[in-house]
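Take a look at the structure below.
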Amino acid sequence: MSSYPTKPTFAGDSEERIKRFLATASHDLQSPLRHIAMYAELLLDDLEETLDGEQLQSLRMIMEKAQTAQRLTKALMSLAGGTPQVTPEEVDLQALAENVWGELTDEAAVGEATLESNGLPSIRTDPALFGLVLLHLLTNALMYRSEAAPHVAIAAERAGTDWFIRISDNGAGIDPAYRERIFEPFWKLPKPGTVQGAGLGLTTAREFLTALGGDISLEHSDESGSRFVIRLPIA
């Protein structure tokens, strides 16, 4: 079984900047998200008898996504405060992975991208936090693609008291010079022609997994692609 490096300690200034960023963004998002969820619920109550099935499904989806975003922002605020709010429940990992993948490929319009994830187990974790971890990893797999159509494989195995979830892609790989930096805050893997983002995806993924009692590491990367491995406690 792979060994897992000790979580790196970042400079105090960077860590404080992350906390301020998470706290401010989460706080500012709470009010509009609350109103979106509230108005969607009101519309459902008022119009349920007049809408067709597809319209009802769309409205329910708006309400559910707003409620999920509310839970995420609350978790981010608690994470910034040093006391992460975790709500574990039984999660169908197969359904969660397919849902995250479907939303990403629809938004990015990459119809040729494929996901291989058959037979993933149910795990006990916080669905909102772990869903965000998957979102960051799958987003990177689509963004840092090679010339071939993106292909991502997710596999899970149980070993002792932990789940090990491996996410592999056929992307361009990560230069050895950068492999120690990819989890650093505000740093993003260079890619010509792309807009540089905040550089917090893998950083927050690791923080969320730490809150869930787990960890993440880059297990392998070369010109054929990369493989990340997530460790999560079974209980």
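Since the structure is predicted, the reported quantities are computational estimates derived from the model, not experimental observations. Basis for what follows: all heavy atoms, side chains included, without hydrogens, waters or symmetry-related copies.
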Nearest 0.5 angstrom please: [X] [atom1] to [Y] [atom2], how far?
X	Y	atom1	atom2	answer
N140	L202	CG	CG	5.0 Å
L138	L115	CG	CG	7.0 Å
E219	I167	CD	CD1	11.5 Å
E207	T204	CD	OG1	8.5 Å
F228	L137	CZ	CG	6.5 Å
L232	D215	CG	CG	10.0 Å

Closest non-hydrogen atom pair between [X] and [Y], with its separation:
X	Y	value
S217	R206	CA-NH2, 4.4 Å
G213	P233	O-CD, 3.4 Å
A159	F164	CB-CE1, 3.7 Å
A205	V133	O-CG2, 3.8 Å
D175	A177	OD1-N, 2.8 Å
A156	I165	CB-CG1, 4.0 Å

Heavy-atom side-chain proximity of [X] to [Y] below 4.5 angstrom:
X	Y	answer
L93	L134	yes
K65	E103	yes
W101	L135	no
L51	L44	no
F183	I216	yes
L56	S58	no

TODO: List for me each residue that meets salt bridge (charged side-chain N to carboxylate O under 4.0 Å, His left out) alongside D162, sequence neighbours excluded, and say none if there are none.
DONE: R231
Open item on the list: So, using salt bridge (charged side-chain N to carboxylate O under 4.0 Å, His left out) as the criterion, who are the partners of R158 when residues are at least two apart?
Closed with: none
TODO: May I ask whether L29 and I62 are part of the same hydrophobic cluster, defined by side-chain heavy atoms of I, L, V, M, F, W, Y residues being less than 4.5 angstrom apart, directly or through others?
DONE: no
Can you list, pair by pair, the side-chain donor-acceptor contacts under 3.5 Å of residues 146-155, counting residues two or more places apart and other chains?
residue	atom	partner	partner atom	Å
S146	OG	A148	N	3.3
S146	OG	N170	O	3.0
H151	ND1	T114	OG1	2.7
H151	NE2	E116	OE1	3.1

Listed partners of [X] passing side-chain contact (heavy atoms from CB on, under 4.5 Å), at least two apart:
X	answer
A66	I36, A37
A172	none
T161	none

Not counting sequence neighbours, which residues clear side-chain hydrogen bond (donor to acceptor under 3.5 Å, both in side chains) with [X]? List them please.
X	result
S221	S226
H35	none
D222	H220, S224

Open item on the list: Determine whether M38 and M63 satisfy the following criterion, side-chain contact (heavy atoms from CB on, under 4.5 Å), listing intermediate values before the conclusion.
Closed with: CA-CA 8 Å; M38 179 183 69; M63 185 174 69; over 6 Å; no
TODO: Among Ile, Leu, Val, Met, Phe, Trp and Tyr joined by side-chain contacts under 4.5 Å, find the other residues sharing a cluster with M61 and list them by chain and number.
DONE: none
Open item on the list: Once salt bridge (charged side-chain N to carboxylate O under 4.0 Å, His left out) is applied, what residue pairs with a partner in residues 35-49 remain, sequence neighbours excluded?
Closed with: E48-R60
I'd like a table of donor-acceptor pairs (distance under 3.5 Å, sequence neighbours excluded) in which one partner is a side-chain atom from residues 120-132, with atom names and distances.
residue	atom	partner	partner atom	Å
D126	OD1	A128	N	3.0
D126	OD1	L129	N	3.1
D126	OD2	T87	N	2.7

- [ ] Look at the side chain of Q55 and the backbone N and O of D52, then say whether any donor-acceptor pair between them is shorter than 3.5 Å.
- [x] yes
Task: Distance-only side-chain donor-acceptor flag, E184 / T203, under 3.5 Å - done: no
TODO: Let me see the working for E98 and S117 under side chain to side chain donor-acceptor pair (under 3.5 Å), right down to the final yes or no.
DONE: CA-CA 8 Å; E98 290 177 354; S117 62; 4.5 Å; no
